[in-house]
There are 2 protein chains.
Amino acid sequence: MSTTELGAKAPEERRKRILEATVAVIRERGFAGTRVSDIAESAGTSQGLVLYHFGSLAGALTAALTSLEDEFYVEVDQQLESASGPIERLRLMGELGSGQGPAVGDWRLWLELWVRALHDDDARTARESLDRRWRASLSDVISEGVAQQLFTPSDAADSVVRLASLMDGLAIQLALDDPGMSTHRFGQLWLEAASLELGIPLDTLRG
Amino acid sequence: MSTTELGAKAPEERRKRILEATVAVIRERGFAGTRVSDIAESAGTSQGLVLYHFGSLAGALTAALTSLEDEFYVEVDQQLESASGPIERLRLMGELGSGQGPAVGDWRLWLELWVRALHDDDARTARESLDRRWRASLSDVISEGVAQQLFTPSDAADSVVRLASLMDGLAIQLALDDPGMSTHRFGQLWLEAASLELGIPLDTLRG
DNA sequence: CAGTATCCTGAACATGCGTTCAGATGGAAT
DNA sequence: ATTCCATCTGAACGCATGTTCAGGATACTG
């Protein structure tokens, strides 16, 4: 019997813990405010180990970034599969964005990512691919709706960009706790925009 | 005759130079990346003087923030007065946002401000008041259009929030040089949204 | 002209933080 | 049992950077 009960995969467990801790700290203190000691403390290990696994602070931050990316993809796809029909999928995307449903993650992380993308290339490509992916999903839903003659956008591509951008813009207020913004109002406003953009009666969309 | 040709206001000139330098450095390196030495170098003075005038790095950053706020107010009001009629004013706001006209400032600064607002109270209140002010201007323009029966939004308040948020969202892509986004497309997309929201024929809006 | 307050500088100081490193620990292989 | 390698720790190192400070220069004042 070994003295540890963690089994053979202890090191990788540890690595994963550090990764999660890194994300947690970034969420709290932002990319710029995250220190190696914060990560170590949050993960319950030494600073040395963080550097051992990721080489440097920047390495840990980048690793956290891609880990986040993966989570995002998995969660969005999983959620979208669970819905049937373009109307319901559209509603779901509104909820995913507003964070009502099982949240994709805190919008504050996205703000942090955007700013980091201004100065860091890894962040730039990560955010670009996340955005592209999200817009692709939205585009798919809209195409589906158009094919079923439920949606009648005057220009589907433009509507995709606008609806995605609107979500980002609303997200800023949500992330900053702007008075007058709430997850409920977020969802409301976004669905109304979708109704306008895609020519769907609001009642239909609200169900 | 004094040996300097700067006149009596030399100290305040100097202070102003430092303020402008601070804004410039923030624009380049972000809030988090701005160092006292950067400001001093950019302003052509010593580190000591920066601290002498603003007490601390944080003080300089905050001062730059409020200075930015003032500039914004002045420029927006000045621009909006130059336009006549709600349609033209709306078009102007689109241009102001996209940075085509005399730019309000780089959108990257706004991104920086948003993220700083996550962790710093001065930034939080600054950005909130900037946002409120901008939305108030937009709201005024829309009210004017409604009064003249040019605009027919189903809910003016909601349209204000959506159009302002859409601008923020588009701005992110512009700030990050997203492929597929440009100042021209920014203005295009935003005006189309305004057309949808306010029930204005596109031809009218495009002039 | 003398005195004083304001403005400004460059160097010194203190500290926080990323990184390095010498070794401890423990399991696997021989 | 001995060796070896991966894993992990805590301390030490060194650098970057915000802040302090002693003093010089300049401009007002009486």
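Labels below follow one simple rule: chain letters A, B, ... track the order of the sequence lines, proteins then strands, and each chain is numbered from 1.
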A.B. asks: Could you tell me how far apart A:Arg17 (CZ) and D:dT7 (P) are, to the nearest whole angstrom?
C.D. replies: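 Atom-to-atom, A:Arg17 to D:dT7, this comes out as 16 Å.
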A.B. asks: Can you tell me if the side-chain N/O atoms of B:Arg14 get under 4.0 Å from OP1 or OP2 in D:dT26?
C.D. replies: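 No, B:Arg14 has no side-chain N/O under 4.0 Å of OP1/OP2 on D:dT26.
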A.B. asks: Just the rounded figure in Å: distance from C1' of C:dT6 to CD of B:Glu13.
C.D. replies: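 After rounding, the gap between these two atoms is 17 Å.
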A.B. asks: Tell me: CD of A:Glu12 to P of D:dA6, nearest whole Å?
C.D. replies: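 Computing the A:Glu12:CD to D:dA6:P distance gives 14 Å.
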A.B. asks: Looking at D:dG18, I'd like to know if its phosphate oxygens (OP1 or OP2) sit under 4.0 Å from a side-chain N or O belonging to B:Arg35.
C.D. replies: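 So the side chain of B:Arg35 is outside the cut-off, no N or O lying under 4.0 Å from OP1 or OP2 of D:dG18.
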A.B. asks: Please report the distance, rounded to the nearest Å, between CG in A:Leu49 and P in C:dT25.
C.D. replies: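 That distance rounds to 17 Å.
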A.B. asks: Rounded to whole angstroms, how far apart are CZ on B:Phe54 and C1' on D:dG18?
C.D. replies: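 So the two atoms are 16 Å apart, to the nearest Å.
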A.B. asks: Quick test of your reading of the model: are A:Asp177 and A:Arg108 salt-bridged, counting only N-O distances below 4.0 Å?
C.D. replies: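 Salt bridge between A:Asp177 and A:Arg108, a charged N being under 4.0 Å from a carboxylate O: no.
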A.B. asks: From the set C:dC8, D:dC8, D:dT19, return the single nucleotide nearest to any side-chain atom of A:His53.
C.D. replies: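 My answer, after comparing the listed nucleotides, is D:dC8.
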A.B. asks: Answer yes or no: is there an ion pair linking B:Arg185 with A:Asp158, defined by an N-O contact shorter than 4.0 Å?
C.D. replies: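 Yes.
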A.B. asks: Examine distances only and state if a side-chain atom of B:Arg124 and a backbone atom of A:Leu176 form a donor-acceptor pair shorter than 3.5 Å.
C.D. replies: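 Side chain of B:Arg124 to backbone of A:Leu176: a pair is present.
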A.B. asks: Whole Å only: how far is the CZ atom of A:Arg15 from the P atom of D:dC8?
C.D. replies: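 So the two atoms are 11 Å apart, to the nearest Å.
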A.B. asks: Contact class for B:Leu57 vs. all strands (heavy atom < 4.0 Å): base, sugar-phosphate, or nothing?
C.D. replies: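 If one applies the 4.0 Å heavy-atom cut-off, B:Leu57 turns out to touch the sugar-phosphate alone, with no base involved.
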A.B. asks: Cationic tip of A:Arg133 within the cone over A:Phe72's six-membered ring, i.e. under 6.0 Å and within 45° of the normal?
C.D. replies: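 No, A:Arg133 and A:Phe72 do not form such a contact.
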A.B. asks: Atom CG of A:Leu51 to atom P of D:dA12: distance rounded to whole Å?
C.D. replies: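 Whole-Å distance recorded here is 18 Å.
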A.B. asks: Does a side-chain N or O from A:Tyr52 land closer than 4.0 Å to OP1 or OP2 of D:dT7, or not?
C.D. replies: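 Yes.
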A.B. asks: Salt bridge check, B:Glu192 against B:Arg206: does any charged N sit closer than 4.0 Å to a carboxylate O?
C.D. replies: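 Yes, B:Arg206 and B:Glu192 are salt-bridged.
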A.B. asks: Measure from the side-chain heavy atoms of A:Gln47 and tell me the nearest of C:dC8, D:dT7, C:dG18.
C.D. replies: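 Nearest nucleotide to the side chain: C:dG18.
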A.B. asks: Which of these nucleotides, C:dT20, D:dT9, D:dT19, is closest to any side-chain atom of A:Ser46?
C.D. replies: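 Minimum distance to the A:Ser46 side chain belongs to D:dT9.
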